[in-house]
Amino acid sequence: MRGGGVSVVAALAVALLQFLAAVTPSAAANVTYDHRALVIDGKRRLLISGSIHYPRSTPQMWPDLIQKSKDGGLDVIETYVFWDLHEPARNQYDFEGRKDIVKFVKLVGKAGLFVHLRIGPYVCAEWNYGGFPLWLHFIPGIELRSDNEPFKAEMQRFTKKIVDLMKKENLYASQGGPIILSQIENEYGNIQSDYGPRAKPYIEWAAAMATSLNTGVPWVMCQQADAPDPIINTCNGFYCDQFTPNSNSKPKMWTENWTGWYLSFGGPLPYRPVEDIAFAVARFFQRGGTFQNYYMYHGGTNFGRSTGGPFIATSYDYDAPLDEYGQISQPKWGHLKDLHKAIKRCEEAMLEMDPTITYLGPNVEASVYKTGSGLCSAFLANLDNKADTTVTFNGHSYPLPAWSVSILPDCKNVALNTAKINSVATIPRFVRKSSVAALSGWSWIKEPVGISSNKAFPKVGLLEQINTTADKSDYLWYSLRGEMKADEPFFKNGSQTLLHVESLGHALHVFINGRLAGSGKGSSNSAKVAVVVPVNLVPGKNNIDLLSLTVGLQNYGGHFDLSGAGITGPVQLKDKKSGLSIDLSSQRWTYQVGLKGEELGFFNGDKFSPRTSQSTLPKNQPLIWYKATFDAPGGDTPLAIDFRGMGKGEAWVNGQSIGRYWPKYAAPSTGCTDTCDYRGAYSATKCLKNCGQPSQIYYHVPRSWLRPKGNVVVLFEEAGGDPTKISFVTREVGGVAEESLAVEDSCS
Ligand code: GAL
């Protein structure tokens, strides 16, 4: 009895201690900065950071992504805050599910990593409208990102909302939480000349407003050479070794080191060799940098209609060290991990001083950090993009491949050369296995051509699309009903009637008398669409129905929010033979925002009734909603749907949008290279693959969105496709030999 009592007391004591450990916040840390570095509790820190945007994955994926980041040698996770997600309607907030930013920040803290919270609230990020909620645009008198009272009031309110939320949860380092840094605005310096005299006062106001929120941690502005004190101006780019902050009391920080580049529908797949990334990082630290962030460390997926653009693809893989599916991408992840270890071995010497830079030959640069106490670390760089060389340093000889840096933590032994990779490459593949559940039993509903909603409205002339839809939908119908007399020249013998439509973008389908007569699309270079389609008009009533659509709203540039979309004209009927032309632009058009199926919520799958009357599944026909049910494919390997066979549209799994699909939009056939020489300055168009191929055929289906049985997939197909051709695939990165037995059809 006694013994039992003691053990109960002991167990209670242990439980109490565990409870206290869980609820007691870690010690508050004081974060400041000086000329060399961020200073945490009086100690300068050399920090390696990586971007993971929480809504581009699922909460179920977050712990693993964070752990893999930590294992890769990161100290900090950086994320933007996405205003449009959190405040979809003014004053109505949402922080649930993938939007649970508090949970994300806490998980990073729990893993022992720091957070850089880039509030923006303009974020760019290839995100719809740069992260701005559309309702902002409709506030009378507003000018976004400018010294404009209505805008400033909204920006301040949202920034404060986020800061208060973080404070309430004790998430700032000053409160014992993981957030050591915050960003206000984003790369405004790149475009501020477009805002004339209202730019400078805006930036001064933004700096003062952020500072006044008393987060207890420093603020940064990226690409903002004139960032007012105490805000630290930071660098973004493929290289930042030449960057210097605007004051000697600020450290040299790199907030975006692009690990690859983003994919656009209709574009090839960009990639960046890891030798070049490692070279850029080593160069930055060689030249006195002390904080570096990979944009992206995990890119993830643009679910729903969240992509910016126009034409940003659903995959935001970015060629990041962790791939879209959260798997380690080798040799990128491993080589950067080795690099981080080598740099960290130099940390103590580096943080004490600026480097002493000398030249050991043409294009060969040595930086030495040598302290009074006898520490010495060195970086030796060969900047030549062709010629390897051998240099003598401190009496020893060092081979240096072209475009590489050797890191010598003790000024003698090479810990790493950026061009020499020790990690073994994995080749990710999408694999179709017999064990993977099939999609079958398709049912369907036709989306009506033209006006079907009683919310449609007439208007004389052509309306700009974004002002009309407020981005509630990708789709806007422009419809015209007209009477044509039999004696019109369009019906004369040998006449050939053409419809000419000009639109600001981003894509367009032309229906004449209920039938698809032609389509057009812009590209990421120019969103504009001009189509000339032969049309068959009939004497009597004719219907012209133009379906105009957006594919992600612009996210970058001066006044990007005003770029506009939709059919702004002219719309003309032309007779090829007689040259006669009728301008329809100023007719009385009828408008419908969105689709009937969107209004009725077809994407949830519950409005479909089994088709019995029409036994043949419609294939390659425009405007069809399709639905199938399936059991969850076994295992826990990441899943995707191979969309080959379909045209363009959006897909939902159990009511959640996995994004826009567009497997038919292929990259141009030229501009790619079979191999990419990492030597020499990188640019977003230097290393491209997939030319002539569809930009994206695989679309991520997060495992956590599935239940074991009775899952529902819904597709809305615009242009025409065959849903029986689509299938589940798993994303495999394991050893080739081990996989090959299970593979039925491997399609990488
Ligand atoms: C930067 C911007 C990021 C992202 C990046 C390209 O200019 O700050 O948000 O858009 O370009 O991926």
Side-chain angles (χ1 to χ4, degrees), residues 49-56 77-85 116-132 144-145 181-192 194 203 206 219-225 227 232-240 243 253-265 267-272 277 280 291-302 306-322 324 524-525 552-558 560-561 563 682-688 695:
S49 170
S51 297
I52 301 178
H53 296 157
Y54 53 96
R56 285 178 155 143
I77 304 279
E78 174 275 336
T79 183
Y80 282 128
V81 179
F82 297 88
W83 189 356
D84 61 335
L85 288 188
H116 174 199
L117 196 67
R118 300 173 85 192
I119 299 180
Y122 163 70
V123 298
C124 193
E126 289 70 73
W127 195 263
N128 196 49
Y129 218 46
F132 282 144
L144 308 188
R145 304 181 78 195
L181 201 62
S182 252
Q183 178 178 301
I184 195 78
E185 249 296 337
N186 191 78
E187 293 194 333
Y188 191 68
N190 291 0
I191 47 87
Q192 78 180 56
D194 291 355
I203 271 311
W219 288 90
V220 302
M221 282 183 174
C222 58
Q223 297 290 95
Q224 193 68 49
I232 309 168
N233 64 309
T234 65
C235 180
N236 290 351
F238 290 115
Y239 306 94
C240 278
F243 169 79
M253 298 175 67
W254 188 359
T255 31
E256 287 183 29
N257 174 6
W258 301 316
T259 49
W261 200 243
Y262 55 85
L263 174 70
S264 296
F265 285 125
L269 192 63
Y271 64 101
R272 185 176 182 196
I277 303 178
F291 179 104
Q292 186 270 154
N293 176 71
Y294 297 106
Y295 185 104
M296 301 295 295
Y297 198 74
H298 170 255
T301 309
N302 293 313
S306 64
T307 68
F311 299 108
I312 304 292
T314 297
S315 168
Y316 198 64
D317 180 87
Y318 219 90
D319 196 24
L322 301 178
E324 176 178 3
S524 52
N525 294 333
L553 301 192
Q554 183 61 257
N555 57 268
Y556 184 74
F560 71 86
D561 48 302
S563 7
Y682 183 79
S683 73
T685 52
K686 182 177 171 186
C687 306
L688 303 171
S695 303

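Order of appearance sets the numbers: ligands from 1, and atoms from 1 within every ligand. As the structure is a prediction and not an experimental result, all values here were calculated from the model.
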| For atom 7 (O) of ligand 1, closest protein heavy-atom neighbour | Glu187 OE1, 2.3 Å

| task | Could you list which atoms of ligand 1 come closer than 4.0 Å to a heavy atom of Trp261? | result | 6 (C)

| request: Please determine if Tyr556 has a nitrogen or oxygen closer than 3.5 Å to a nitrogen or oxygen of ligand 1. | output: no

| request: Enter the distance from Ser315:OG to Leu269:CG here, rounded to the nearest 0.5 Å. | output: 7.5 Å

| message | My understanding is that we take every heavy atom of each candidate and find the minimum distance to atom 12 (O) of ligand 1. Doing that for Tyr316, Trp127, Tyr318, Tyr80, which one comes out nearest? | response | Tyr318

| task | Describe, in one word, how the ring planes of Phe238 and Trp261 are oriented to each other, choosing from parallel (under 30°), tilted (30 to 60°) and perpendicular (over 60°). | result | tilted

| query | Any idea which atoms of ligand 1 are less than 4.0 Å away from a heavy-atom of Val123? | reply | 9 (O)

| note | Of all protein heavy atoms, the one nearest atom 5 (C) of ligand 1 is Glu256 OE1, 3.6 Å

| note | The disulfide bond (SG atoms under 2.5 Å apart) partners of Cys222 (sequence neighbours excluded) come to none

| request: Taking only heavy atoms of Tyr262 into account, list the atoms of ligand 1 that are under 4.0 Å away from them. | output: 12 (O)

| query | Going by an N to O cut-off under 4.0 Å, is there a salt bridge joining Arg118 and Glu185? | reply | no

| field | ligand 1 to Arg118 polar contact by distance, N or O atoms, under 3.5 Å | value | no

| task | Please step through ring pair (Phe, Tyr, Trp, His ring centres under 6.0 Å) for the pair Tyr318 and His53, ending with a clear verdict. | result | CA-CA 12 Å; Tyr318 219 90; His53 296 157; 9.0 Å; no

| Derivation of the ring pair (Phe, Tyr, Trp, His ring centres under 6.0 Å) call for Phe132 and Tyr122 | CA-CA 6 Å; Phe132 282 144; Tyr122 163 70; 5.7 Å; yes

| Qualifying residues under side chain to side chain donor-acceptor pair (under 3.5 Å), relative to Thr259, sequence neighbours excluded | none

| Any N or O on Asn186 sitting closer than 3.5 Å to an N or O of ligand 1? | yes

| Sub-3.5 Å N/O-N/O distance, Cys124 and ligand 1 | no

| Which residue holds the protein heavy atom closest to atom 10 (O) of ligand 1, what is that atom called, and what is the gap in Å? | Glu126 OE2, 2.6 Å

| query | Relative to the ring of Tyr80, is the ring of Tyr295 parallel (under 30°), tilted (30 to 60°) or perpendicular (over 60°)? | reply | perpendicular

